[in-house]
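Just so it is clear, the values below take in all heavy atoms, side chains as well, and ignore hydrogens, waters and symmetry mates. These numbers were taken from a predicted model, which means no experiment stands behind them.
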Amino acid sequence: MTNLPSIKQLQYLLAVHQYQHFGRAASACFIGQSTLSTAIQNLEETLGCQLIERENRSLMFTTIGEEVVERSRKIIHDTISLKELTKSFLTPLSGKLTVGVIPTIASFIAAPLYHFCKQEFCDLELVLVEDTSDKLLDKLEHGQIDLALLALPYQTDKFHTQVLARDHFSLVHHKDYTPAKNVQDFNLLPDASVFLLEREHCMTGHALSACHLNRVSCINPFEAASLHTLLSMVEYQLGVTFLPQMAINAGILDNKNMLATPSANEAYREIGILWRKTTGRIRDFKLFSQQLEVFLKHQCSLDFAKDRATSS
């Protein structure tokens, strides 16, 4: 039989590439540095080429070494998927499940979702990771999370996407803020009166698009880092903002002198869950997404998505 590299050798190679240091890579793999070095040398002999240039205490991956690292990463992912496939078949929704969630969703569902999963899946260890959409998709691509819960639309062609629910936007203003009363066309709001999140939060783009807000002059140049900062602006009658129904249903406006007026044009964002197309846990993820859809309807009072089409 052909002499092939071992999975362990490829894992060691990826560790050296990640840490750019033999000692730190060896510690991360819980082995001695000499064992790691020998494994890399054996890998190079098996492949018949030099992967790493070593000089004193420094190292540099060769051109072919970088290519081997990329191929090795895929091989490791495929091997993990194979193990996941058999585990999912034997015991559905058990073990660790890491779900990435964007801040404008995590703020309102994190605790209830933990509670829901403990009740529904007693063998499941749920781990939530909160981050922006771009960072979560990068983590999903590199296997650092299993699923990503995002607001759509978003560029997600690399992944399987399951739309779960619609989260409608409402205009939020102080009850005494006259310019916002009885407004049908949001573009008629005063200049610099619309407060939004920082551009890295996808909710800003979704709100602008869904509410057909295209007059730039009505948007205040201040960009908030959180929804609570937005509400402080509204509370002092400096202007208005847009909030998703998920936030309103979670009580973010409780005990505040603010009104939420649903958009007349059915403005909404979609809530979707994503996973890698190569995963071996498709059965698990489909089951989890079905239950998550029920959770969003009953816990967050969101509408089921009318168009449940998926990309794959």
Side-chain angles (χ1 to χ4, degrees), residues 101-109 132-133 149-156 161 163-175 177 179-190 192-220 222-235 237-254 256-273 293 295-308:
V101 191
I102 59 173
T104 55
I105 295 179
S107 299
F108 311 108
I109 73 163
T132 60
S133 297
L149 189 62
L150 306 182
L152 307 172
Y154 209 83
Q155 190 65 35
T156 59
T161 304
V163 179
L164 302 176
R166 286 183 172 180
D167 192 11
H168 293 265
F169 282 104
S170 291
L171 176 70
V172 176
H173 61 91
H174 192 279
K175 65 181 183 62
Y177 186 70
K181 294 180 179 179
N182 302 316
V183 171
Q184 297 298 317
D185 183 356
F186 298 142
N187 290 288
L188 298 178
L189 290 165
S193 66
V194 178
F195 288 89
L196 299 170
L197 290 174
E198 294 170 327
R199 293 286 170 168
E200 68 175 355
H201 292 279
C202 59
M203 198 182 83
T204 293
H206 292 151
L208 292 174
S209 175
C211 299
H212 304 291
L213 190 63
N214 49 40
R215 188 168 68 84
V216 177
S217 62
C218 67
I219 301 173
N220 195 286
F222 173 77
E223 295 183 345
S226 72
L227 293 179
H228 292 284
T229 303
L230 290 181
L231 292 182
S232 69
M233 299 298 182
V234 176
E235 190 171 12
Q237 300 187 49
L238 298 175
V240 303
T241 191
F242 295 97
L243 288 183
Q245 197 62 36
M246 179 183 290
I248 296 170
N249 291 345
I252 196 171
L253 298 182
D254 289 356
K256 291 182 171 63
N257 292 320
M258 299 181 196
L259 299 176
T261 305
S263 169
N265 62 2
E266 285 288 297
Y268 62 87
R269 62 178 184 170
E270 291 181 321
I271 306 300
I273 194 164
E293 188 175 38
F295 167 83
L296 290 172
K297 179 183 180 182
H298 294 289
Q299 178 68 36
C300 307
S301 300
L302 302 189
D303 296 336
F304 281 138
K306 295 177 183 178
D307 180 7
R308 311 269 268 282

Can you tell if the side chain of [X] reaches within under 4.5 Å of the side chain of [Y], non-hydrogen atoms only?
X: F222; Y: L196; result: no
X: T261; Y: S170; result: no
X: L231; Y: V172; result: yes
X: L149; Y: L164; result: yes
X: V240; Y: F195; result: no
X: N257; Y: E235; result: no
X: I102; Y: T132; result: no
X: L227; Y: T241; result: no

Going by atom types alone, do R269 and T104 pair a side-chain donor with an acceptor below 3.5 Å?
-> yes
Is it true that the side chains of S232 and T229 contain a donor and an acceptor less than 3.5 Å apart?
-> no
For [X] and [Y], work out which heavy atoms get closest and say how close.
X: A224; Y: L230; answer: CB-CD2, 3.5 Å
X: A192; Y: N220; answer: O-ND2, 2.9 Å
X: Y177; Y: S193; answer: OH-CB, 3.6 Å
X: L171; Y: A180; answer: CD2-O, 4.1 Å
X: L296; Y: A165; answer: CD1-CB, 4.3 Å
X: I248; Y: A260; answer: CD1-CB, 3.8 Å

Distance, nearest 0.5 Å, that separates [atom1] of [X] from [atom2] of [Y]:
X: H173; Y: F242; atom1: NE2; atom2: CZ; result: 10.5 Å
X: E270; Y: L150; atom1: CD; atom2: CG; result: 12.0 Å
X: K175; Y: K256; atom1: NZ; atom2: NZ; result: 15.0 Å
X: L197; Y: S226; atom1: CG; atom2: OG; result: 7.5 Å

Between [X] and [Y] (side chain of the first, backbone of the second, donor and acceptor by atom type, cut-off under 3.5 Å), is there such a pair?
X: S209; Y: H206; answer: no
X: D167; Y: M246; answer: yes
X: H168; Y: P262; answer: no

Please walk me through it: do I273 and E293 pass side-chain contact (heavy atoms from CB on, under 4.5 Å)?
-> CA-CA 10 Å; I273 194 164; E293 188 175 38; over 6 Å; no
